[in-house]
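Scope of the values below: all heavy atoms of this structure, side chains included, with no hydrogens, waters or symmetry mates. Every chain is numbered from 1 and lettered A, B, ... according to where its sequence line falls, protein lines coming before strand lines.
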Amino acid sequence: MSQSEQARPAGAAIPDKTYEPQRFEPAWAQWWIDNGIFDIPAGGEMFSLVIPPPNVTGSLHMGHMLEHTEIDVTIRWHRMLGHATLWLPGTDHAGIATQMVVERELAKEGQTRHDLGRDAFEQRVWQWKEQSGGTIKKQMVRLGASCDWSRERFTLDPGLSRAVREVFVRLYEKGLIYRGAYMVNWCPRCHTALSDLEVDRTETDGHLWHIRYPIVGSDQFLTVATTRPETMLGDTAVAINAADERYLHLHGGNVLLPVMNREIPIICDDLADPEFGTGVVKVTPAHDPNDFEAGRRHNLPQIRVIDNDAKMTAETGRFAGLDRYEARKQVLEALEAGGYLEKTEEYRLSAGACQRCKTTVEPLVSTQWFARMKPLAEPAIAAVADGRIRFIPENWTKTYNEWMYNIRDWCVSRQLWWGHRIPAWHCADCGGVTVSREDPSACQACGSAAIAQDTDVLDTWFSSGLWPFSTLGWPDQTPDLARFYPTSLLITGFDILFFWVARMVMLGMECMGDVPFRQVYIHGLVRDADKQKMSKTKGNVIDPLVVTEKYGTDAVRMTLLQGAAPGTDIVLTEERMAAARAFANKIWNAARFLMMNMETSGVEPWIPEGPIGKPEGDAMEDRWIFSRFHRTAESMNRAIANFRYHEAAQLAWGFVWHEFCDWYVELKKLRFSAGSGLNADWRNILALFEGSLRLLHPVMPFLTEELWQRLAVNSPGRPRSIAQARFPQPDPQGIDEAAEKDMDLLQEIVTAARNLRAELKIDPKDQLSATLYSEGRALTVAREQSAAIARFAGLDLALRPGHAPTMAGAMRATPDFELVLAVSDTQLAALKQRLEKEIAQLEKTITNSERQLGDEKFIGRAPDHIVAGMREKLGEYRAQVDKSRQVLAGLA
RNA sequence: GGGCGCGUAGCUCAGUUGGUUAGAGCGCCUGCUUCACACGCAGGAGGUCACAGGUUCGAGUCCUGUCGCGCCCACCA
């Protein structure tokens, strides 16, 4: 017997009194894996999904847990439908993010990556990766993720790196990757270029400075407005609009750049908007994307005035070496001193910040590698347009299209050390570039051996863009690739729709000639009780490990799913988790109760073989619960298929608690008897309970496995795990409308009686006589269920056809029946007394309220809400006293 | 500047193509240690479905507008 076999609970033992998920969840998590429960069968309908690989930057947060729970529900459901189901797990090296984390670690030791050198630093990051990747795997296992760990992948695995290299070379050969000096977003802290997506726009308060540029050969000047005066040092023109008659005569002339004392031309360009500011704009081709374009249109020189550290370059003369913000100050002082500063306005401006380190990015011209996107976007647009890929919720299609239609080239090179090294070699002799699948030994162009590999690495999303096929063995034609690509479904967050989803579609179409997935379900964000996004900096994160330890994994999963309505965010609170734990506890105790009764009845743990159809025998409660079971199964299958997880969770919850436990088990209590053995009652109960566990299994895998194993212990033909059992499918044969109607009547009779008793404040222990009048089916139901009515409603019921002779006080009327309680003299007296006392007290309160509300001083001085509140209360007292008087009158 | 979404019970949210009396969980009130469960049982209060129009036999659900809130995209100094 293996260690994990031993870790299983002891057979059929009746569950302990308290539900303590911590005692069995970790054991089952490990047992599933050790026993190959998630192994994929050789044949059958295929269902595949690749995980959105978490970054190896640390551990998993609630967003991951939500995502993994949704994935796991879908995966377990498909597995239980008998499909060959693959959930491929893995992690992303997350270039810039991980490098930053490790650099921070180094900083604590007073070191930089440069102190270590590239190789040693990479080793260091690998160490970190091993640790973080291990933590992530451990967490996923603990959360019950039913993935196939034998297929676990990492974006820097040799196989995946080969795929990256293959794609890079292919795209390069097709002219879809090029290298050149263009305007990029540069992070002066991370020291790397960034793609547009990696720049967050944030609005800040700033200024708009109006600067006078003297016109050469005149005593006039042109006033330009800028938010970044320090860049003027690199101006190589000023622009006016060709349609702007105010300045048109100046076209072709020059202005003298203040401070720098350089003559620069006045050009006509649409860059200048006559409506904005003065209608004249300075042109700094080296430091602004628009100016860069304008500069190319007019062949303007680019003067680099800010370097990679965001310090001023030698080009700026006396400002050289200054930080960009210090330079701004000093440039402004110089302008002021020279009388060039016309005015300063308050201005709201948006600046780009590095997504990772929040440093303000510097737009500058830099030689980088770019991927041409338009040709890749076209097939990606078509794939969605013609329905080969479907977004759920559908409106994400629009967002996707919007981005695809306006796509711009993608800067794929990063000046980092952690990532896939760009497979390009530069020749020291001829300057030629050799891009190759195999490491070259000589320059392709001139044959020189003096070549060195490009020092840049690729954007981390380049490799994750290949994830759906690189993980399956591509570029080799592996059996997995043939079997599982295209994948069936992707479940991910909208925050990486462009970063990842869009790129997977483009690269999948390009490399595989087919879509990477057929459906994309976009889930919401996990928020805290104040609807705030969870973030480490805000300190409002709920740690999955902490709450799963506290409430149990099943309860947290249930809570997440209950909130997971498509298109909405998930508000996660501890109250909800506590409620979900109560639900788990309820099931636990139902199982405990059943097993205790099985013992006294002499019933061995047992689960039926084959699907659930109709009940044995013709007891109403059996026919009813089977019917409700099939309807629930039908709805749940549909809900999960349509990603309506909240609905699936609610259906399971409502059925198990409010139908199975509240009514069915209560009704069955009337039929338990010692030594009865495995009779029809038990076979029906156990079939339904076991079926309910299967319904619930995708949502609450641990609890259901734990209880199922206890029930299934002596059933030889069973699967090893409930995870391998079939998910319940509705059987029309089991639908019984007559039983449902009868049950409705029984519930109405019982509820009416309970309601009356509560209203008349009759002691729950008092058994009452009552008469039920009806012209229909209610009499039959009441006769057949008289034992249940006696127990649930405390009524000894007499049955009469027709209607009640008088409208007595203790009566409840429905369209189907009238129920009249016989209240005995002593009860009546007690009731009268209680009512009279209540009325007297109420009248006293009412008198006091009326006196106070009649006092003008009080009305005048007391705050309005107090007065209003008191008036409202008075109304309530009056209504209550009226009701009590009526009841009293009815009883008299 | 474009695009998307939200505003339903005290709180957090469901309510898929418009259809009989708008639901859940929590919270609140009342009563119950009923032999599985007080992480429980039973009963109850609480909603002009943001506002104003419109379409319809019928609107929380569709249309228009207003107000409030959030998110995404965008090269205007």
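Under the side-chain hydrogen bond (donor to acceptor under 3.5 Å, both in side chains) criterion, A:D235 pairs with A:Y213, A:K282, A:T284, sequence neighbours left out.
If you check every strand for non-hydrogen atoms under 4.0 Å, A:A272 touches a base. Residue-level contact check: A:Y551 touches neither bases nor backbone, having no heavy atom under 4.0 Å from any strand. Residue contacts for A:G279: at a heavy-atom cut-off of 4.0 Å it reaches a base atom on one of the strands shown. Residue-level contact check: A:D273 touches the bases, meaning some heavy atom is under 4.0 Å from a base atom. Note on A:V571: only backbone sugar-phosphate atoms sit closer than 4.0 angstrom, heavy atoms only; bases stay farther off. Counting any heavy atom pair closer than 4.0 Å across all strands shown, A:L271 reaches a base atom. Using a 4.0 Å heavy-atom distance criterion, A:T227 is classed as a sugar-phosphate-only contact.
One P atom belongs to B:G7, the other to B:C13, and the distance between them is 9 Å to the nearest Å. Taking atom P on both nucleotides, B:A14 is separated from B:G5 by 14 Å, rounded to a whole Å. Spacing between B:U12 and B:C6 at atom C1', rounded to whole Å, works out to 14 Å. Rounded to the nearest Å, the gap between the C1' atom of B:G60 and that of B:C51 is 14 Å. Atom P of B:G68 sits at a distance of 28 Å from the matching atom of B:U55, rounded to the whole Å. As rounded to the nearest Å, B:A52 and B:G10 have C1' atoms that lie 27 Å from one another. Comparing the C1' positions of B:U66 and B:C28 gives an interatomic distance of 36 Å, to the nearest angstrom. When the C1' atom is used for both B:G46 and B:G27, the distance is 12 Å, rounded to whole Å.
Taking a cutoff of 4.0 Å between a charged side-chain nitrogen and a carboxylate oxygen, A:R638 and A:E647 do not qualify as a salt bridge. One finds no salt bridge joining A:K398 and A:E402 here, because no Lys/Arg side-chain nitrogen approaches an Asp/Glu carboxylate oxygen to under 4.0 Å. Salt bridge annotation for A:E342-A:R212: present, with a cationic side-chain nitrogen under 4.0 angstrom from a carboxylate oxygen. A:R228 has a carboxylate O that lies under 4.0 Å from a charged side-chain N of A:E362, or vice versa, which qualifies the two as a salt bridge.
Atom CG in A:L349 sits about 17 Å away from atom C1' in B:G1, given to the nearest Å. Atom-to-atom, CG of A:D569 to C1' of B:G5 comes out at 10 Å; the value is rounded to the nearest Å. In this entry the distance linking CE of A:M404 with P of B:A74 reads 14 Å, nearest Å. Atom pair A:E402:CD and B:G1:P shows a separation of 17 Å (rounding to whole Å applied). Atom CE of A:M577 and atom P of B:C13 are 15 Å apart (whole Å). As rounded to whole Å, 12 Å separates atom C1' of B:C75 from atom CG of A:D269. When the P atom of B:G25 is taken as reference, atom CH2 of A:W653 falls 8 Å away, rounded to whole Å. Here the P atom of nucleotide B:U16 and the CZ atom of A:R638 are 13 Å apart, to the nearest Å.
The side chain of A:R408 has B:C75 as its nearest neighbour among B:C26, B:C13, B:C75.
Taking a pair as Watson-Crick or G-U wobble with both distances under 3.5 Å, RNA chain B forms stems of 3 or more consecutive pairs at B:1-7 with B:67-73, B:10-13 with B:23-26, B:28-32 with B:40-44, B:50-54 with B:62-66.
In this structure, the separation between CG on A:L696 and CZ on A:F655 is 10.5 Å, given to the nearest 0.5 Å.
A donor-acceptor pair is defined here as one N or O able to donate and one able to accept, closer than 3.5 Å; no such pair exists between the side chain of A:R328 and the backbone of A:P229. A donor-acceptor contact shorter than 3.5 Å is absent between the side chain of A:H210 and the backbone of A:L341. In this structure, A:R710 contributes its side chain and A:A591 its backbone to no donor-acceptor pair below 3.5 Å.
Counting distance only, with no hydrogens placed and no angle test, the side-chain atoms of A:R644 and the base atoms of B:U16 include no donor-acceptor pair under 3.5 Å.
Under 3.5 Å, the side chains of A:S195 and A:E198 contain a donor-acceptor pair of N or O atoms.
The shortest distance between the side-chain N/O atoms of A:K398 and the OP1/OP2 oxygens of B:G3 is not below 4.0 Å.
Ring geometry, A:Y521 versus A:F643: the interplanar angle falls under 30°, so the pair is classed parallel (tilted spans 30 to 60°).
Nearest-nucleotide mapping onto RNA chain B: of A:T573 and A:Q650, the residue sitting toward the 5' end is A:T573. Heavy-atom nearest nucleotides on RNA chain B were determined for A:P274 and for A:A565, and the one closer to the 5' end corresponds to A:A565.
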>> For a quick check, with a 4.0 angstrom heavy-atom cut-off, what is the B/S/- contact string for nucleotides 33-47 of chain B, read 5' to 3'?
In response: S--BB-BSSSSS---

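Under a cutoff of 6.0 Å and an axis angle of 45°, A:R503 and A:W410 form a cation-pi pair.
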